[in-house]
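Worksheet: the structure to be examined is printed underneath.
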Amino acid sequence: MTPIVEVRFKGNRKEYFTWPSEDALALHDAVIVEVERGQDLGRVSALGAVATKKCGSACQGCSLAGGEGRAAPAGGPPGSAAVAAPPSPPPAPHRILRRASPDDTAQAERRKVMERVQQHALPMKVSDAEWQWDKKKLTVYFTAEQRVDFRALVRDLAGLFHTRIELRQIGARDEAKRLDGVGRCGRQFCCSSWLPELRPVSLALAKDQHLSLNPSQISGGCGRLLCCLRYEHDFYVQTRKRFPKEGKVLRTGVGSEQVLAVDIFRETVTLRAEDGDTRVVSLEKLKDEIARSGGDA
C-alpha cells in the first residue's frame with residue numbers, strides 16, 4: 001500500500017498525500033506537493049499509521065485509508081433484499097512530488113518576511129533571506145531609499161521563526177548579484193557569474209567609450225550603469241591610442257582632412273576634406289598616406 005503522509009501548510013491548513021518513493025520521510029521535512037492548480041510547499045506533520053488513521057476520518061472514503069462504499073437506500077419492492085450499490089471510485093489523492101530543496105525553503109521564508117514587511121508598512125524591499133547552517137540565525141537582505149526603523153519588524157520575525165534575526169541593507173548592484181539574471185547582452189549577469197568585485201561605475205566611462213548617454217541603453221538589470229563599462233574601459237583606452245583623435249587635421253593623400261570618427265572594431269577612420277567630402281579609410285591605409293604626405297597638417 002502506498003504510504004499516506006499528512007502535510008501542513010500556512011495557516012494550519014493540512015491535507016493528505018501519497019509518497020511513492022522508498023526514501024522515508026521524517027516529521028517536519030519540507031516537501032513540494034501536487035495541488036489542483038500547480039505545486040505548493042508544506043511540512044510533514046504525520047506519518048505511517050497516524051497519518052492513515054487521520055486520513056480515514058478526514059478523507060471520507062479514501063481507498064488508501066480503507067474506506068468503504070455506502071449502501072443503497074431502502075424502499076425496494078416487498079420481499080426483495082437490499083442490495084448494496086457498487087461503491088463509486090474515490091478521487092485519486094494528490095502526491096508528494098519531491099523533497100523541498102534549500103532554495104525552495106528559502107523562497108518560502110522570504111515570502112513570509114515580505115508579508116510581515118507589508119503588515120508593518122515599511123518602505124523597504126526584501127531581496128533575499130538566508131538561514132545560517134545551524135538554524136540559529138536568519139539574515140534578511142533588503143534595499144531601501146531611506147533610513148528604515150525596523151525594530152518592531154525584527155521582534156515580529158524573531159517570534160515567527162524563533163531564532164535570531166539580522167536585517168542587512170544592500171545596494172542595487174549587490175541585490176542583482178544575489179538574485180542573478182540575464183543582461184541586455186543575453187548572457188548571465190557578470191556580477192553573478194565571474195566578476196570578482198563590484199567597483200563604482202561613472203558616466204565618464206561611457207563618454208570615454210563614445211557610447212550613447214541614454215540611461216536605458218547603458219544600464220543593467222539593477223538599474224545602475226553597466227559593470228562592463230568599467231572592466232572594458234582599459235581596452236578602449238589602449239586601443240584608441242593607435243588612432244588619431246577626433247577633430248585632428250591630418251595631411252593625407254587627398255590633402256588636409258579632419259578626423260570625424262574612429263571605429264576601433266572595424267579599424268576604420270572617417271575623414272572630411274576641406275571641400276566637405278567625407279570618406280572612410282582603414283587605419284593601415286591612413287598611416288601609409290600620412291607617411292607619404294609628410295604627417296600632420
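Note that these values count all heavy atoms, side chains included, but never hydrogens, waters or copies made by symmetry.
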If the threshold is 4.0 Å, N to carboxylate O, is there a salt bridge linking R279 and E257? yes
Mind checking the CZ-CG spacing from R116 to D156? Nearest 0.5 Å is all I need. 4.5 Å
Can you tell me if Q119 has over 12 outside heavy atoms packed within less than 6.0 Å of its CD? yes
Between E246 and V262, is there a side-chain heavy-atom distance shorter than 4.5 Å? yes
Can K125 and E175 be counted as an ion pair, charged N to O under 4.0 angstrom? yes
Under a 3.5 Å distance rule, please check whether Q258 uses its side chain to pair with a backbone N or O of G247 as donor and acceptor. yes
I'd like to know if the side chain of S21 and the backbone of D23 have a donor-acceptor N/O pair within less than 3.5 Å. yes
Once you round to the nearest 0.5 Å, how far does CZ of F17 lie from CG of L25? 12.5 Å
Drop me the distance from L205's CG to L225's CG, to the nearest 0.5 angstrom. 8.0 Å
Would D128 and R110 count as a side-chain contact (heavy atoms from CB on, under 4.5 Å) if you check the C-alpha gap in whole Å, the side-chain angles of each, and the deciding distance to 0.1 Å? CA-CA 6 Å; D128 198 6; R110 181 161 60 97; 4.2 Å; yes
Do side-chain atoms of R230 reach the backbone of P200 as a donor and acceptor pair under 3.5 angstrom? yes
Point-to-point distance, once rounded to the nearest 0.5 Å, from NZ of K285 to OG1 of T252: 10.0 Å
Within a reach of under 6.0 Å around CD of E166, are more than 12 heavy atoms found that belong to other residues, nucleotides or ligands? yes
Does T268 reach the main-chain N or O of V280 with its side chain, forming a donor-acceptor pair under 3.5 Å? no
Evaluate L153 against V140 for side-chain contact (heavy atoms from CB on, under 4.5 Å), listing each step before the verdict. CA-CA 11 Å; L153 174 64; V140 179; over 6 Å; no
Under a 4.0 Å threshold between the charged nitrogen and the carboxylate oxygen, would D208 count as salt-bridged to R240? no
Using the rule that two of Ile, Leu, Val, Met, Phe, Trp, Tyr join whenever any of their side-chain heavy atoms come within less than 4.5 Å, decide whether L229 and F235 are in one cluster. no
Which of parallel (below 30°), tilted (30 to 60°) and perpendicular (above 60°) describes F150 and F142? perpendicular
CZ of R272: more than 12 outside heavy atoms within 6.0 angstrom? no
Donor-acceptor pair, side chain of E6 and main chain of K14, under 3.5 angstrom: no
Run the salt bridge (Lys or Arg N to Asp or Glu O under 4.0 Å) test on R242 and E267 for me, step by step, so that the C-alpha distance in whole Å, both residues' side-chain angles and the decisive distance to 0.1 Å come before the verdict. CA-CA 10 Å; R242 300 172 47 234; E267 297 214 345; 3.0 Å; yes
Side-chain contact, heavy-atom cut-off 4.5 Å: P244 with L250? yes
Side chains of S212 and N214, donor plus acceptor under 3.5 Å: no
K177 to C191 - nearest heavy-atom pair and separation: CG-O, 3.2 Å
Does NZ belonging to K287 count more than 12 external heavy atoms closer than 6.0 Å? yes
Step through it carefully: locate the ring centre of W194, locate the ring centre of Y231, and say whether they are under 6.0 Å apart. yes
Keeping Q169 on the side-chain end and A144 on the backbone end, is there a donor-acceptor pair under 3.5 Å? yes
Trace of the side-chain contact (heavy atoms from CB on, under 4.5 Å) decision for R99 with D29: CA-CA 8 Å; R99 295 177 184 270; D29 278 354; 2.9 Å; yes
Using the side-chain contact (heavy atoms from CB on, under 4.5 Å) rule, take T143 and D174 through it: C-alpha gap first, then chi angles, then the decisive distance, then the call. CA-CA 9 Å; T143 59; D174 295 300; over 6 Å; no
Check whether any side-chain N or O of R184 sits under 3.5 Å from a backbone N or O of S216 as a donor-acceptor pair, and report yes or no. yes
